[in-house]
There are 2 protein chains.
Amino acid sequence: MIDPRLLQELVAFAKTGTLSQTAEELHLTQPTVTRGMQKLEQELGVALFNRTGNNKISLNTTGQLAAKEASRLLDMEDELTEKVRNFAESQTRFLVGSDAPGPLLLSERIENKLPVKVKLDQNLLAEDELLPAVESYRYQLVFSSHEYQTDLCESRYIGYEQLFLMCDKNSDLAKKGSVTFQELAGVSFLVLQGIGPWKQIKESAIPNAHFLYQDDLSSLTELTKYSQLPVFRSNLSFPSHPENDDRVPVRIDDPKNRLDFYAIYRKDQKKMVMPLLELLSKNWPEDFPY
Amino acid sequence: MIDPRLLQELVAFAKTGTLSQTAEELHLTQPTVTRGMQKLEQELGVALFNRTGNNKISLNTTGQLAAKEASRLLDMEDELTEKVRNFAESQTRFLVGSDAPGPLLLSERIENKLPVKVKLDQNLLAEDELLPAVESYRYQLVFSSHEYQTDLCESRYIGYEQLFLMCDKNSDLAKKGSVTFQELAGVSFLVLQGIGPWKQIKESAIPNAHFLYQDDLSSLTELTKYSQLPVFRSNLSFPSHPENDDRVPVRIDDPKNRLDFYAIYRKDQKKMVMPLLELLSKNWPEDFPY
DNA sequence: TCCCATTACGGGTCACGTAACAATC
DNA sequence: GATTGTTACGTGACCCGTAATGGGA
């Protein structure tokens with residue numbers, strides 16, 4: 001039963017290198033830290049410091065190990081409190097995240113059919129945030145373009161997204177009816193920011209393309225009206241009321257034009273998320289909605 | 001920064017189910033536990049208990065999660081202290097374990113060639129104790145008949161052990177010069193206890209055999225003198241001074257007659273163990289020392 | 001002279017145990 | 001009446017900060 005404050009002091013010392021700076025960082029006085037480290041050594045029954053000379057101390061190898069382990073333990077403790085708090089909250093809310101906007105758009109459209117209120121976090125999650133976000137109960141569910149299987153979490157395939165283009169009806173593209181990414185080489189597009197993995201796919205698959213990124217949907221739709229540049233849509237992202245502009249949909253037939261999505265959730269929250277997943281599967285739009 | 005005592009109380013409550021039993025288990029008074037759990041709830045900002053009625057409380061789902069996580073955290077803390085203590089000790093001693101006696105016997109024979117003093121633990125370790133024993137710095141090195149690769153530890157192949165038999169020179173076995181396990185069906189043997197994986201190998205490979213297990217080496221050698229029963233030896237286990245009895249070695253030619261050994265050690269203690277490993281490799285006896 | 005680590009000392013906090021209370025079986 | 005959980009109250013331990021000491025650059 002070690003007082004975690006002592007461990008904090010140790011970790012801070014490992015970072016700063018002197019007791020006084022440690023004290024300052026933790027808003028304590030030097031004597032407190034001195035006593036703290038003495039007590040820690042006493043409780044562990046082990047020397048952690050080289051007390052060379054008379055007013056200089058440093059960690060010995062045992063101390064370095066202890067500091068590293070202490071740091072891990074403190075992290076674990078933070079995780080514990082966060083987990084518990086998130087779990088308690090999860091009794092009343094249902095937070096959904098994603099690494100791409102598509103699945104969120106579909107969820108938005110069907111959430112009113114669910115008995116529980118879900119909250120969709122429109123801020124996309126990065127690849128490496130997905131698992132921690134779910135494991136810590138911060139999110140009850142995240143959508144990902146990758147599959148994960150861990151002790152705590154499982155993935156379930158929910159469907160795929162495919163792009164198509166909305167092009168001016170008089171453009172060359174419109175007349176083709178269907179294109180590959182290669183055939184789009186050099187073209188300029190209007191594109192939304194925050195499209196997750198699609199950004200990388202478009203940029204690498206279409207040679208020499210120019211992407212005019214727009215921050216929000218409203219400025220994109222605005223620009224769409226007054227420009228002839230083609231704009232991307234997908235089976236998950238098309239206006240519910242058809243736009244009355246002079247544009248026609250053009251298929252993109254390309255093996256790279258596909259993102260498979262998985263729902264990731266904690267196994268112990270499976271019951272909570274299944275209704276939403278089934279609703280998603282049931283309402284998943286087909287490739288090309290026109 | 002949660003007081004670990006509160007976590008202990010929570011864990012104990014999860015086990016006992018009542019606050020009073022919790023208090024008893026931890027040698028505290030009930031009011032202390034009551035206040036402790038109230039404080040824990042307050043610090044986490046979360047309800048952990050169903051305070052139904054008036055004198056009965058139980059964990060709610062959040063509390064159950066918290067208790068589980070707290071238990072894990074406390075285990076981690078125990079591990080930390082043990083690791084640090086073991087590590088500190090490992091500065092002065094070099095403890096070696098094994099899941100089979102063979103490598104220990106060889107180590108015994110060569111340990112005087114090492115500059116450092118090694119301590120060989122003759123109590124064999126079970127399969128599932130090996131990794132924890134090394135990861136916690138309790139042992140600096142263990143020998144295992146299985147390979148392991150983890151974040152912290154690595155395995156290094158050091159050699160193999162092979163059995164042969166010492167048989168009465170007038171016996172049928174002695175005349176054959178070489179046998180398979182199958183051919184030993186129904187035979188009775190004198191066998192030492194504490195031979196690790198070999199026990200399982202012998203018992204499953206030799207049909208209808210009878211094994212007369214002896215606890216210690218002295219009673220085995222004693223019995224060996226006065227009986228004609230065959231006894232097992234190996235390239236790692238044969239007397240340094242030849243026994244002057246009426247026995248001759250008999251090979252066992254059988255694919256199952258082989259145990260590969262690996263040395264397992266923490267990567268951060270590699271420097272410490274390498275001299276011993278190299279010495280072992282250099283002095284590893286060949287299959288059949290006669 | 002400044003910085004660092006350690007020891008001495010006094011005070012305030014806080015967590016504990018005892019005691020008392022309420023409720024349920 | 002026995003057991004269980006909670007509240008009230010006083011005390012003592014302990015930990016902190018201030019102050020003082022000693023050794024180095």
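Within every chain, numbering begins at 1; the chains are lettered A, B, ... in the order of the sequence lines, protein sequences first and strands thereafter.
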B:K267 vs B:C153, side chain to side chain contact (heavy atoms under 4.5 Å, CB included): CA-CA, chis, key distance, verdict: CA-CA 5 Å; B:K267 291 173 184 169; B:C153 297; 5.9 Å; no

Assign each of B:K39 and B:Q30 the nucleotide of DNA chain C bearing its closest heavy atom; nearer the 5' end lies the nucleotide of B:K39

Residue met sooner reading DNA chain D from 5', once B:F13 and A:E9 are mapped to nucleotides: B:F13

Between B:N55 (CG) and D:dT7 (C1'), how many Å, whole number? 15 Å

Look at all strands and tell whether B:T34 reaches a base, only sugar-phosphate, or nothing, counting heavy atoms closer than 4.0 Å. base

Write down the distance between CZ (B:R35) and C1' (D:dG5), rounded to a whole number of angstrom. 12 Å

Gap between atoms CD and C1', on A:Q42 and D:dC14 respectively (whole Å): 13 Å

To the nearest Å, how far apart are B:D3 CG and C:dA15 P? 8 Å

Looking only at side-chain N and O atoms, does B:Q38 come under 4.0 Å of OP1 or OP2 in D:dT7? yes

Find the distance A:H27:NE2 to D:dG17:P and express it as a whole number of Å. 12 Å

Should the pair B:W284 and B:F261 be assigned to parallel (<30°), tilted (30 to 60°) or perpendicular (>60°) ring geometry? tilted

Round to the nearest Å and state the distance from A:R5 atom CZ to C:dC14 atom C1'. 11 Å

Indicate, with a heavy-atom threshold strictly under 4.0 Å, whether B:S20 touches base, sugar-phosphate, or nothing. sugar-phosphate

Taking for each residue the nucleotide of DNA chain D bearing the nearest heavy atom, is the 5' side occupied by A:L6 or by A:P31? A:L6

Testing D:dG17, D:dT6, C:dG17 for proximity to the side chain of B:I57, the answer is D:dT6

Euclidean distance, atom CG of residue B:L40 to atom P of D:dT6 [Å, nearest integer]: 14 Å

Begin with the C-alpha distance, continue with both residues' side-chain angles, and end with the deciding distance and a verdict on side chain to side chain contact (heavy atoms under 4.5 Å, CB included) for A:D268 and A:L152. CA-CA 8 Å; A:D268 59 8; A:L152 298 169; over 6 Å; no

Report yes if a side-chain nitrogen or oxygen of A:R51 is closer than 4.0 Å to either non-bridging phosphate oxygen (OP1 or OP2) of C:dT6; otherwise report no. yes

Distance under 6.0 Å and angle within 45° of ring axis: B:R266 vs B:Y137: yes

What is the distance from CD of A:E24 to C1' of D:dG17, rounded to the nearest Å? 16 Å

Show, in sequence, the C-alpha distance, side-chain angles and deciding distance for B:R93 and B:K119, and conclude whether the side chain to side chain contact (heavy atoms under 4.5 Å, CB included) test is met. CA-CA 7 Å; B:R93 65 134 172 68; B:K119 176 161 185 214; 5.5 Å; no

